[in-house]
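Scroll down for the structure; my scribbles are underneath it.
Owing to the predicted nature of the structure, the values given are computational and were not obtained by experimental measurement. Residues: numbered from 1 along the sequence shown. Read the numbers this way: they start at 1 and go in the same order the structure lists the ligands and their atoms.
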Amino acid sequence: MSAAPISLTTLTTMKEQREPIAALTCYDASFARLLAAAGVDVVLVGDSLGMVLQGHATTVPVTLDHMVYHSACVARGRGRALLVADLPFLAAATPERALQAAGRLMQEGGAAVVKIEGGAPVLETVRLLSDQGVPVCAHLGLQPQSVHRLGGYRFQGRDEASADAIRGDALALEQAGASLLVLECVPRTLAAEVRARLRIPVIGIGAGADCDGQVLVLHDMLGINLGHVPRFSRDFMTGGDSVIAAVRRYVQAVKSGTFPGPAETLY
Ligand SMILES: Nc1nc(=O)c2c([nH]1)NC[C@@H]1CN(c3ccc(C(=O)N[C@@H](CCC(=O)O)C(=O)O)cc3)CN21
Ligand SMILES: CC(C)C(=O)C(=O)O
Ligand SMILES: [Mg+2]
């Protein structure tokens, strides 16, 4: 395994060379160290921590202080993996607020990239952040921070109008300076189109196999849950010997294109 740190340039080269990017969420230093040792390229300090660590039903209660705290923990163990951290609910409500929040995630939390949910409404924010030297990961498709508006965790982009909006938003976000895009819970064919049209890497979750990389919530792929696991996930602890072996199996499955398979491709 190469010891060189993963940068955004590395990820773009991986896209160009069609080497799938293996990403997982991570919330503490011990797991960060284990994930890096298992060959995970990107560790995402996701606001999903509100659900899997804190036990909330949504990510809405997560605060910027929570995100900074967990990012700093992950930063101490991340090794060569690239650290991406979520801006939590309402932290990107205005460009100025997002700039301040991103500053805390990078300066106190050690994040290399800041992730923002949304399309057209956050374009100006993405432009401001990237102009100021903050690498941005955009996030389209299912946006869990909008669960109360959406009425549930549903797949997005299943009709032509909403698919078109996602295509347009993806291009606009790249033009505004985004360096990465997470596509969550969209049909496989839509993810394939977006991935082909963008120069920046597209990392899917519940978006089928035709992405530049995959991300899962760590607890889901380790078979640890509070009752409900999304159907697009896979338990890599099955047949379980050790946690690090499970993470290695995930990395291998992403790199070889066997995850997600038909069972985890809903649409
Ligand atoms: N543990 C965990 N895993 C996640 O993947 C995750 C979180 N938490 N928290 C933040 C968001 C919320 N996410 C979710 C949560 C549930 C579904 C879900 O149950 N989806 C249905 C499909 C619904 C449809 O057909 O439209 C499923 O059965 O998978 C999807 C994404 C993804 N993220
Ligand atoms: C599921 C990923 C993409 C995320 O945003 C999170 O874990 O919060
Ligand atoms: Mg998130």
Side-chain angles (χ1 to χ4, degrees), residues 21-28 31 35 40 42-64 66-67 70-71 74 82-92 101 105 111 113-118 122 136-159 162-163 180-188 190-191 201-208 211-236 250 254 259-260 263-267:
I21 297 160
L24 282 175
T25 70
C26 188
Y27 315 105
D28 67 47
F31 269 108
L35 266 45
V40 170
V42 174
V43 287
L44 169 65
V45 184
D47 59 353
S48 52
L49 67 84
M51 297 169 74
V52 296
L53 300 191
Q54 299 174 340
H56 293 295
T58 73
T59 59
V60 170
V62 176
T63 67
L64 182 60
H66 297 151
M67 295 307 301
H70 287 281
S71 296
V74 171
L82 187 78
L83 201 170
V84 181
D86 272 353
L87 280 185
F89 183 60
L90 296 186
L105 285 174
V113 180
V114 168
K115 183 158 76 61
I116 305 178
E117 289 186 15
V122 299
V136 174
C137 176
H139 180 156
L140 292 173
L142 174 59
Q143 295 157 34
Q145 290 170 12
S146 299
V147 63
H148 293 305
R149 173 168 54 80
L150 296 169
Y153 297 112
R154 304 215 176 82
F155 267 67
Q156 304 293 312
R158 294 187 62 204
D159 60 82
S162 71
L180 291 173
L181 172 65
V182 165
L183 260 188
E184 177 165 349
C185 293
V186 301
R188 176 179 183 164
L190 175 59
V202 175
I203 299 178
I205 171 167
C211 297
D212 301 308
Q214 299 290 330
V215 63
L216 282 180
V217 168
L218 177 65
H219 291 57
D220 294 343
M221 59 79 65
L222 292 177
I224 303 165
N225 64 78
L226 290 157
H228 176 81
V229 182
R231 284 178 293 163
F232 55 74
S233 198
R234 183 189 293 177
D235 180 357
F236 285 87
Y250 168 74
V254 170
F259 179 82
E264 297 98 6
T265 305
L266 275 59
Y267 299 101

Atom 5 (O) of ligand 2 - nearest protein heavy atom and its distance | Lys115 NZ, 2.8 Å

Can you pull out the closest protein heavy atom to atom 2 (C) of ligand 2? Residue, atom name and distance to 0.1 Å, please.
-> Leu44 CD2, 3.5 Å

pair Leu150-Gln156: side-chain heavy atoms closer than 4.5 Å = yes

Within-2.8 Å protein N/O/S contacts of the Mg ion (ligand 3) = Asp47 OD1, Asp86 OD2

Report the nearest protein non-hydrogen atom to atom 25 (O) of ligand 1: residue, atom name, distance rounded to 0.1 Å.
-> Tyr267 OH, 2.9 Å

Around atom 10 (C) of ligand 1, find the nearest protein heavy atom and jot down its residue, atom name and distance.
-> Met51 SD, 3.7 Å

Nearest-contact summary for atom 3 (N) of ligand 1 - protein heavy atom, Å = Asp220 OD2, 2.6 Å

Can you list the ligand 2 atoms lying under 4.0 Å from a non-hydrogen atom of Thr25?
-> 7 (O)

Tell me: protein heavy atom nearest atom 7 (O) of ligand 2, and distance?
-> Ser48 OG, 2.6 Å

Please state which part of Asp86 comes within less than 4.0 Å of ligand 2, counting heavy atoms only: side chain, backbone, both or neither.
-> side chain

Can you find an N/O atom of Pro144 closer than 3.5 Å to an N/O atom of ligand 1?
-> no

Determine whether the side chain, the backbone, both or neither of Leu49 has a heavy atom under 4.0 Å from any heavy atom of ligand 2.
-> neither

Atom 1 (C) of ligand 2: which protein heavy atom is closest, and how many Å away?
-> Ile205 CD1, 3.6 Å

In this structure, NE2 of His70 is separated from CG of Leu49 (nearest 0.5 Å) by 5.0 Å

Between Arg231 and ligand 1, does any nitrogen or oxygen pair lie at a separation below 3.5 Å?
-> yes

Contact (N/O only, under 3.5 Å) between Arg154 and ligand 1 = no

Shortest protein heavy-atom distance from atom 8 (O) of ligand 2, along with the residue and atom involved = Asp47 OD1, 2.8 Å

Taking the six-membered ring for Trp, are Tyr27 and His219 parallel (under 30°), tilted (30 to 60°) or perpendicular (over 60°)?
-> tilted

